[in-house]
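Everything on this sheet refers to the single structure shown next.
One-based numbering along the sequence shown.
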Amino acid sequence: MRHWLMKSEPDAFGIDDLASRPEQTEPWDGVRNYQARNMMRDEMQVGDEVLFYHSNTKEPGIVGIAEVVREGYPDHTAFNPDAKYYDPKSDPDNPRWYMVDLKYVRHTKRTITLTELKEIAANDPDGPLADFPLVRRGNRLSIMPVTDAQWALILGLE
């Protein structure tokens, strides 16, 4: 089992939205970055655990835990001209974009903020968060791997 962090803007789709879905499950569609797509298509597996992260908000941070319940499959929104994430170069016979299904597990006991994670990384340059992509300047990826040590440290902050 692997661990991941997945970012979402709470105004578009937040942890409460996932928790309120039927069976608390939802496809993670609309990812239009090749590196993130490759992780969903090639690496994510059923049972992998996900840190649900709210971005583009006053206090960005980790707000919940989810689980991958369906491995990568073509993102159908890329084929629909009326869809927000339509991509005319994507074809059902040769899909360009993929998605996974996530299931809500729980909210974190509190928001674990980006500021807090950056402070920990800065104060412990040899610690688990030193190479965590989230705390690197300029990181814009919406999906990133999380090591076992990073996962344990982050959840220990609750």
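Counted within 6.0 Å of CD on Q35, heavy atoms from surrounding residues, nucleotides or ligands total 12 or fewer; the atom is thus considered open.
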Using a 3.5 Å cut-off and no angle test, enumerate the donor-acceptor pairs between side-chain atoms of residues 56-63 and protein atoms at least two apart in sequence or in another chain.
unit_1	atom_1	unit_2	atom_2	d
N56	ND2	E9	OE2	3.4

Distance-only donor-acceptor pairs under 3.5 Å for side chains of residues 11-23, two or more places apart:
unit_1	atom_1	unit_2	atom_2	d
D16	OD1	H107	NE2	2.7
D17	OD2	G14	N	2.7
S20	OG	D16	O	3.3
S20	OG	D17	O	3.0
R21	NE	E26	OE1	3.1

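Contact of the M39 side chain with the L141 side chain is registered, since non-hydrogen atoms from C-beta on lie closer than 4.5 Å. Between P145 and R2 the shortest side-chain heavy-atom distance falls below 4.5 Å. Side-chain contact between I65 and L51 is present, with at least one heavy-atom pair separated by less than 4.5 Å. Inter-residue side-chain proximity for L117 and L134 is flagged as met; some heavy-atom pair is nearer than 4.5 Å.
With hydrophobic clusters built from ILVMFWY side chains whose heavy atoms lie under 4.5 angstrom apart, I112 shares a cluster with V105. Criterion: ILVMFWY side-chain heavy atoms under 4.5 Å apart, direct or through other members. Under it, M44 and L102 are part of a common hydrophobic cluster. Under a hydrophobic clustering in which Ile, Leu, Val, Met, Phe, Trp and Tyr are joined whenever their side-chain heavy atoms come within less than 4.5 Å, directly or via other members, W4 and Y98 fall into different clusters. Connection of L129 to L155 is established within a shared hydrophobic cluster, with ILVMFWY side chains joined at heavy-atom distances below 4.5 Å, either directly or through further cluster members.
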**OP:** Before giving the answer on side chain to side chain contact (heavy atoms under 4.5 Å, CB included), spell out for T77 and K84 the whole-Å C-alpha distance, their side-chain angles and the decisive distance to 0.1 Å.
**Re:** CA-CA 7 Å; T77 65; K84 180 179 178 181; over 6 Å; no

**OP:** Go through the steps to decide whether L5 and V50 satisfy the test side chain to side chain contact (heavy atoms under 4.5 Å, CB included), and finish with yes or no.
**Re:** CA-CA 5 Å; L5 181 139; V50 174; over 6 Å; no

**OP:** Decide side chain to side chain contact (heavy atoms under 4.5 Å, CB included) for M6 and Y53; before the verdict, give the C-alpha distance in whole Å, the side-chain angles of both, and the deciding distance to 0.1 Å.
**Re:** CA-CA 6 Å; M6 297 176 82; Y53 181 92; over 6 Å; no

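The salt bridge (charged side-chain N to carboxylate O under 4.0 Å, His left out) pairs that include a residue from residues 44-53 number zero, where partners must be two or more places apart or lie in different chains. For residues 61-89, the set of pairs meeting the ring-ring contact (aromatic ring centres under 6.0 Å, His included) definition, not counting sequence neighbours, is empty. Note on residues 61-75: pairs passing salt bridge (charged side-chain N to carboxylate O under 4.0 Å, His left out), not counting sequence neighbours, are R32-D75. The salt bridge (charged side-chain N to carboxylate O under 4.0 Å, His left out) analysis of residues 91-110, with sequence neighbours excluded, yields the pairs D87-R96, R106-E158, R110-E116. The ring-ring contact (aromatic ring centres under 6.0 Å, His included) pairs that include a residue from residues 116-145 number zero, where partners must be two or more places apart or lie in different chains. Counting only residues at least two apart or on different chains, no salt bridge (charged side-chain N to carboxylate O under 4.0 Å, His left out) pair has a member in residues 143-156.
Here the closest non-hydrogen pair linking D131 and Q150 is OD1-NE2, 3.2 Å. The nearest pair of heavy atoms linking P74 to M99 is O-CE, 3.7 Å. Taking both residues in full, the closest heavy atoms of K7 and S55 are given as CB-OG, 4.2 Å, listed atom of the first, atom of the second, then distance.
Listed by chain and number, the residues in a side chain to side chain donor-acceptor pair (under 3.5 Å) with W151 amount to none (sequence neighbours excluded). Under the rule for a side-chain contact (heavy atoms from CB on, under 4.5 Å), the partners of A149 that lie at least two apart in sequence or sit in another chain are P128, T147. Applying the side chain to side chain donor-acceptor pair (under 3.5 Å) rule to Q45 yields no partners; only residues at least two apart in sequence or on another chain are considered.
Its side chain within the 4.5 Å cluster rule, W97 clusters with Y34 among the Ile, Leu, Val, Met, Phe, Trp and Tyr residues.
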